[in-house]
Visitor: 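Below: one structure in structure tokens.
Convention: sequence-line order gives letters A, B, ...; per-chain numbering from 1.
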There are 2 protein chains.
Amino acid sequence: MNEEEQQLNKVLMLFYFGYRTFTEKPDQIIEKYGIQRVHHRILYFIAQVPGITVNDLLSILEVTKQALNAPLRLLSEKNLIKMVQADYDKRYKLLYLTEQGKQLESKLSHVQREQMKTIFDSLGSNHQKAWIDVMNALAKVRPGQQQFNTQINKQRH
Amino acid sequence: MNEEEQQLNKVLMLFYFGYRTFTEKPDQIIEKYGIQRVHHRILYFIAQVPGITVNDLLSILEVTKQALNAPLRLLSEKNLIKMVQADYDKRYKLLYLTEQGKQLESKLSHVQREQMKTIFDSLGSNHQKAWIDVMNALAKVRPGQQQFNTQINKQRH
DNA sequence: CTATAAAGGTCAACAGTATTGACCTAATAC
DNA sequence: GTATTAGGTCAATACTGTTGACCTTTATAG
């Protein structure tokens, strides 16, 4: 096995350890708010697509509505998100962050941005671009990613 | 928010989607063997450090012995790993892959290597190096990663 | 030789995340 | 007026993991 193959062999380990480091700090912060990683994820995507519907959100996350229902309810109870009935179609519930929700999401995003920024700054901006390119290649095949892109394009109109 | 910050803002999404794509194919394969991702992870690390002890393995994975016990038992029952009492200290159980285990682990690793190789080949070897550098920066702070390095160094003697 | 420590195993209770399946309401579309 | 869509909810189950308690076997230190 040559050097390149040995490098590739370590990818599983890098993903395992890398993901753990990446989620560690936000996990600690949100714990104090009585929520978990799935709630963080939801806050994140609502921040990216304010006014997204429940159905569209679960398409992005690639989970069932049952998996989303309880976390959404908890976030609503904790006053981190609000659900607004759409006036063009009362069946739709549009999801938004509350002021509190915006503050928390911003705090969490900031922590994760800083963590990555520290690494990218020490390695150089080429590394940042390259890392994002590779992750994007993995992400772009996901139905959830494609759904996300669709939602973002909708917003621009 | 400038362009660089907006890039950094997408890191959570890239990790979420990227990790899902990365684990998708192996998850499908191992399902047919009646095992799951945690078992795959164990096979992987035993393949990297043949003869590792139970205690050292759980230090790498950063899980409790209770979390490791049942999966190890299942892998042993399925004849994918073997546990050998160390002759220098009968308290230690040294973990090895069986022939079947080696074949499965090799199959899974091959699938993941090929997936990454396809991406790296299309983007260039600089991308491969850069991606690994970034992931390594995240991974190296993990006690599990440090434990892993210690185990690898031990093997060389 | 005895006490202690280390490696490992196991049971129970619980939590977090997710699934499938079934069934319900309210609102819109044909 | 019926079918479809958006959303909610209950139940059962699966997977992964934790804490806490308690057990055996083996090695080591005094």
Side-chain angles (χ1 to χ4, degrees), chain A residues 16 19-20 23-24 26-28 30-31 33-46 51-78 81-95 144 147 151, chain B residues 16 19-20 23-24 26-28 30-31 33-46 51-78 81-95 144 147 151:
Chain A
Y16 183 68
Y19 201 42
R20 280 186 84 123
T23 53
E24 201 168 40
D27 281 0
Q28 282 167 8
I30 58 182
E31 202 185 354
Y33 289 78
I35 59 173
Q36 284 78 38
R37 201 180 298 173
V38 61
H39 308 94
H40 176 193
R41 216 140 56 206
I42 292 169
L43 291 178
Y44 172 85
F45 278 108
I46 296 179
I52 191 173
T53 67
V54 174
N55 247 312
D56 288 340
L57 180 54
L58 60 89
S59 294
I60 289 176
L61 293 171
E62 296 179 42
V63 296
T64 60
K65 61 176 173 177
Q66 293 93 325
L68 202 54
N69 187 270
L72 278 180
R73 210 188 317 163
L74 183 62
L75 287 173
S76 189
E77 281 166 13
K78 289 194 175 284
I81 64 169
K82 57 190 170 211
M83 299 160 156
V84 179
Q85 209 174 34
D87 48 331
Y88 59 89
D89 187 336
K90 288 176 186 165
R91 288 174 302 179
Y92 291 94
K93 275 190 182 174
L94 310 182
L95 303 172
Q147 183 65 29
Q151 295 303 316
Chain B
Y16 183 67
Y19 200 41
R20 280 186 84 122
T23 53
E24 201 169 41
D27 281 359
Q28 282 167 7
I30 57 182
E31 202 186 355
Y33 289 79
I35 59 172
Q36 283 77 39
R37 200 180 298 172
V38 61
H39 308 94
H40 176 192
R41 216 140 55 205
I42 293 169
L43 291 178
Y44 172 85
F45 277 108
I46 296 179
I52 190 172
T53 67
V54 174
N55 247 314
D56 288 340
L57 180 54
L58 59 88
S59 294
I60 289 175
L61 294 172
E62 296 179 42
V63 297
T64 60
K65 61 177 173 176
Q66 292 92 326
L68 203 54
N69 186 271
L72 278 181
R73 211 187 317 163
L74 182 61
L75 287 172
S76 189
E77 280 166 13
K78 290 196 174 280
I81 64 169
K82 58 190 171 210
M83 300 161 156
V84 179
Q85 208 174 37
D87 48 333
Y88 59 87
D89 188 334
K90 288 176 185 166
R91 289 175 302 180
Y92 292 94
K93 274 190 183 176
L94 310 182
L95 304 172
Q147 183 66 30
Q151 294 304 316

Visitor: Mind calculating the distance between CD (B:Gln36) and P (C:dT19) to the nearest angstrom?
Guide: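 B:Gln36 atom CD is separated from C:dT19 atom P by 15 Å.
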Visitor: State, with a plain yes or no, whether a side-chain heavy atom of B:His39 is found less than 4.5 Å away from one of B:Ile30.
Guide: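 Heavy-atom side-chain distance check fails, nothing below 4.5 Å.
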Visitor: Considering only D:dG17, D:dG7, D:dG8, which nucleotide approaches the side chain of B:Val38 most closely?
Guide: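 The answer is D:dG17.
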Visitor: OP1, OP2 of C:dG9 versus side-chain N and O of B:Lys93: anything below 4.0 Å?
Guide: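 Looking at the OP1 and OP2 atoms of C:dG9, one of them is under 4.0 Å from a side-chain N or O of B:Lys93.
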Visitor: Check this for me: does the side-chain of B:Arg91 come within 3.5 Å of the base of D:dT25 through a donor and an acceptor?
Guide: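 Flag unset: no donor-acceptor pair detected.
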Visitor: Return no unless some side-chain N or O of A:Asn55 is found under 4.0 Å from OP1 or OP2 of D:dT5.
Guide: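 False: A:Asn55 side-chain N/O out of range (4.0 Å or more) of D:dT5 OP1/OP2.
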Visitor: Does A:Thr64 place a side-chain N or O at less than 4.0 Å from the phosphate oxygens OP1/OP2 of C:dA18?
Guide: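 For C:dA18, neither OP1 nor OP2 has a side-chain N or O of A:Thr64 closer than 4.0 Å.
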Visitor: Ignoring hydrogens and angles, answer whether the base of C:dG21 and the side-chain atoms of A:Gln66 contain a donor-acceptor pair closer than 3.5 Å.
Guide: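 Counting by modelled atom types and ignoring angles, a donor-acceptor contact under 3.5 Å is found here.
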Visitor: Counting just side-chain N and O atoms, does B:Lys65 come under 4.0 Å of either OP1 or OP2 of D:dT18?
Guide: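 Looking at the OP1 and OP2 atoms of D:dT18, neither is under 4.0 Å from any side-chain N or O of B:Lys65.
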Visitor: Please determine, for the side chain of B:Ala67, which listed nucleotide (D:dG17, C:dG9, C:dT28) has the closest atom?
Guide: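 My answer, after comparing the listed nucleotides, is D:dG17.
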Visitor: Looking at every non-hydrogen atom in both residues, tell me the closest pair between B:Lys78 and B:Gly34 and how far apart they are.
Guide: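 Nearest heavy atoms, B:Lys78 then B:Gly34: CE-O, 3.6 Å.
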Visitor: Tell me whether the count of non-hydrogen atoms from other residues, nucleotides or ligands lying under 6.0 Å of CD in B:Gln66 goes above 12.
Guide: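 Check passes, neighbour count above 12.
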Visitor: To the side chain of B:Val63, which of D:dT26, D:dT18, D:dG8 is closest?
Guide: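 The answer is D:dT18.
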Visitor: With a 4.0 Å cutoff (strictly under), does any side-chain N or O of B:Arg41 reach OP1 or OP2 of D:dG17?
Guide: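 Affirmative; the distance criterion is met.
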Visitor: Please enumerate all residues that pass side chain to side chain contact (heavy atoms under 4.5 Å, CB included) together with A:Lys65, with sequence neighbours excluded.
Guide: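 For A:Lys65 the side chain to side chain contact (heavy atoms under 4.5 Å, CB included) partners, ignoring immediate neighbours, are A:Leu58.
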